[in-house]
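A quick note: this is a predicted structure, and the numbers were derived from the prediction, not measured.
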Amino acid sequence: MSEALRVGIAGLGTVGASVLKILRDKGEMLTRQCGKEIVVTAVSARDAKRDRGVDFSSATWFDDPVALAKSNEIDVFIELIGGDEGPARASVEAALRSGRHVVTANKALLAKHGVSLARIAEDKGVLLNFEAAVAGGIPVIKALRESLTGNTVSRVYGIMNGTCNYILTRMWDEGISFEDCLADAQRLGYAEADPTFDIEGNDTAHKLAILTSLAFGTQISADDIYLEGISNISLADIKAADELGYRIKLLGVALKTESGIEQRVHPTMVPVESVIAQVHGVTNAVAIETDLLGELLLSGPGAGGAATASAVIGDLADIAKSRPGFQHGPVFGTPAKALAPYKRAKMRAHEGGYFIRLTVHDRAGVFAAIAKRMADNDISLESIVQRQSASNQPEATKTVILVTHETTEAAVKKALEGIVKDGHATDKPQMIRIERAG
């Protein structure tokens, strides 16, 4: 049997502790599967005295993760610190430059510096594995980087944030407000004390940017993603979607068009009979559309210590199984030096159309004025529903629900600006894209 694979772990939070426990509890099985023993020889974290529920006293303690990354005591550096700069970036760069393999769950780091880190890894002939950075335990990175070799990918989309999916699921299932669902998510540990990064779509955007690079062979461009969160989704939207045969999900969508790549993260209405609509709670799901396989859907736990640690162990096992001197494949499926510059797609008509909810004054001529604004912007309507608003409103209002045919976002926004300018709307109009998801 080959000599042991020596591992250093920086960051001993929920995921780091879970990795240690798996290596302890399943060590013999991993040794059989990998052909060598995996041993944690060094660790680093903020507090050496904190009880993490697992013994790591046999490992050398490092106060500085960069020093750990450079240490001759390790063959693989696992980065679980988090953040796109500071010790996370410095330690990963140090490990790669020192010729050590790296495993990371850090989506923010990869979304910002992934290409430059890939260049270092490929120049040094070492592995940079990051399955845990996107969709927790779902093997979507391996699918795009290895399993779908030879396929041409046309679209990648999915639910990539468990916090948002939990909130939207409970709003639909139980008729609970966004604010109450968020409070419950925080109490249960699904959402951070400051949930902004999750609910405003930033977390999903980082994951989408990584998948886009893998799917289309382009440089990562997280700053070119249209971003919209779920904080403005109301129960009225949830109920209206249900009546129309849709569910609302926060989707990340990357699409290759003739003019470039389109990346967007936003609340989306998907048909209730679609597979993606059946993904509930904190579960994640990623769909990949290809020319050879059609649509492939991967679904499973998207967060949590066990799911993320499982992905880290999988990456570690791949390194343990690799042969010395073997030329490793490119980090993003395409050599970093050959990744195409990111080209943002030109605005085009949205095939699924749009859902629009308006609260307007209940007076003569309003509906005709709304219809005229739509017609003036060449917007064809699939359906129109009017209903009386709640009786507790200070004045008589109506709710108008519009579903458009294929049109551009610019046209819809211009029409809504006109309706507001006309003085008909009593609240900010709501607009949600409709995705013809599989």
Side-chain angles (χ1 to χ4, degrees), residues 1-45 48-62 65 68-69 71-81 91-92 95 98-106 121 125-143 145-147 298-326 328-329:
M1 183 172 292
S2 302
E3 61 184 54
L5 184 73
R6 303 170 302 162
V7 177
I9 303 176
L12 296 176
T14 302
V15 177
S18 294
V19 170
L20 284 170
K21 290 173 184 174
I22 293 171
L23 291 174
R24 178 198 65 191
D25 297 342
K26 297 181 179 288
E28 291 185 7
M29 182 179 73
L30 288 168
T31 299
R32 290 195 303 272
Q33 292 175 337
C34 299
K36 65 174 62 177
E37 186 180 7
I38 300 174
V39 181
V40 177
T41 56
V43 294
S44 177
K49 297 180 180 180
R50 178 182 160 196
D51 183 9
R52 294 171 172 86
V54 62
D55 180 26
F56 52 85
S57 58
S58 61
T60 302
W61 178 270
F62 284 81
L68 167 57
S71 171
N72 290 326
E73 292 187 37
I74 67 169
D75 305 305
V76 183
F77 178 70
I78 300 178
E79 184 274 309
L80 301 171
I81 302 168
S91 60
V92 169
S98 299
R100 286 165 181 79
H101 303 297
V102 170
V103 174
T104 179
N106 194 335
V126 295
L127 286 165
L128 171 59
N129 288 351
F130 50 92
E131 189 67 68
V134 179
I138 305 172
V140 64
I141 303 299
K142 186 180 288 288
R145 188 163 61 181
E146 300 172 22
S147 304
L298 303 171
S299 178
T308 307
S310 174
V312 170
I313 295 296
D315 279 344
L316 193 57
D318 282 346
I319 294 171
K321 294 173 185 177
S322 63
R323 298 189 301 275
F326 178 74
H328 302 297

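The nearest pair of heavy atoms linking L68 to V43 is CD2-C, 3.9 Å. Closest approach of A42 and F62 over heavy atoms only: CB-CE1, 3.7 Å. Between S91 and I81, the closest heavy-atom pair is OG-CD1, 3.9 Å. The two residues R145 and L128 come nearest to each other via the heavy atoms NH1-O, 3.5 Å. Of all the heavy atoms in P139 and L298, the pair that sits closest is O-CD1, 4.1 Å. Closest approach of A95 to F77, counting heavy atoms only: CB-CB, 3.7 Å.
Within the 3.5 Å criterion, the main-chain N or O of L127 finds a donor-acceptor partner in the side chain of H101.
Rounding to the nearest 0.5 angstrom, the gap separating the OG atom in S98 from the CD1 atom in I74 is 8.5 Å. Atom CD1 in I78 sits 10.0 Å away from atom OG1 in T104 (nearest 0.5 Å).
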What side-chain donor-acceptor pairs closer than 3.5 Å can you find for residues 6-20, not counting sequence neighbours?
from: R6; atom 1: NE; to: D75; atom 2: OD2; distance (Å): 3.2
from: R6; atom 1: NH1; to: N72; atom 2: O; distance (Å): 2.9
from: R6; atom 1: NH2; to: N72; atom 2: O; distance (Å): 3.2
from: R6; atom 1: NH2; to: D75; atom 2: OD1; distance (Å): 3.0
from: S18; atom 1: OG; to: T14; atom 2: O; distance (Å): 2.9

Indicate every side-chain donor-acceptor pair of residues 306-321 with a distance under 3.5 Å to a residue at least two apart or in another chain.
from: T308; atom 1: OG1; to: G304; atom 2: O; distance (Å): 3.0
from: D315; atom 1: OD2; to: F130; atom 2: N; distance (Å): 3.3
from: D315; atom 1: OD2; to: E131; atom 2: N; distance (Å): 2.8
from: D318; atom 1: OD2; to: K142; atom 2: NZ; distance (Å): 2.6

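Remark: S57 engages D55 in a side chain to side chain donor-acceptor pair (under 3.5 Å) (not counting sequence neighbours). Applying the side chain to side chain donor-acceptor pair (under 3.5 Å) test to S44 and every residue at least two apart in sequence or in another chain returns nothing. Residues meeting the side chain to side chain donor-acceptor pair (under 3.5 Å) test with T60, sequence neighbours left out: E73.
You'll find the side chain of V126 stays beyond 4.5 Å of the side chain of V102, heavy atoms only.
Residues in residues 11-28 take part in no salt bridge (Lys or Arg N to Asp or Glu O under 4.0 Å) pair, two or more places apart or across chains.
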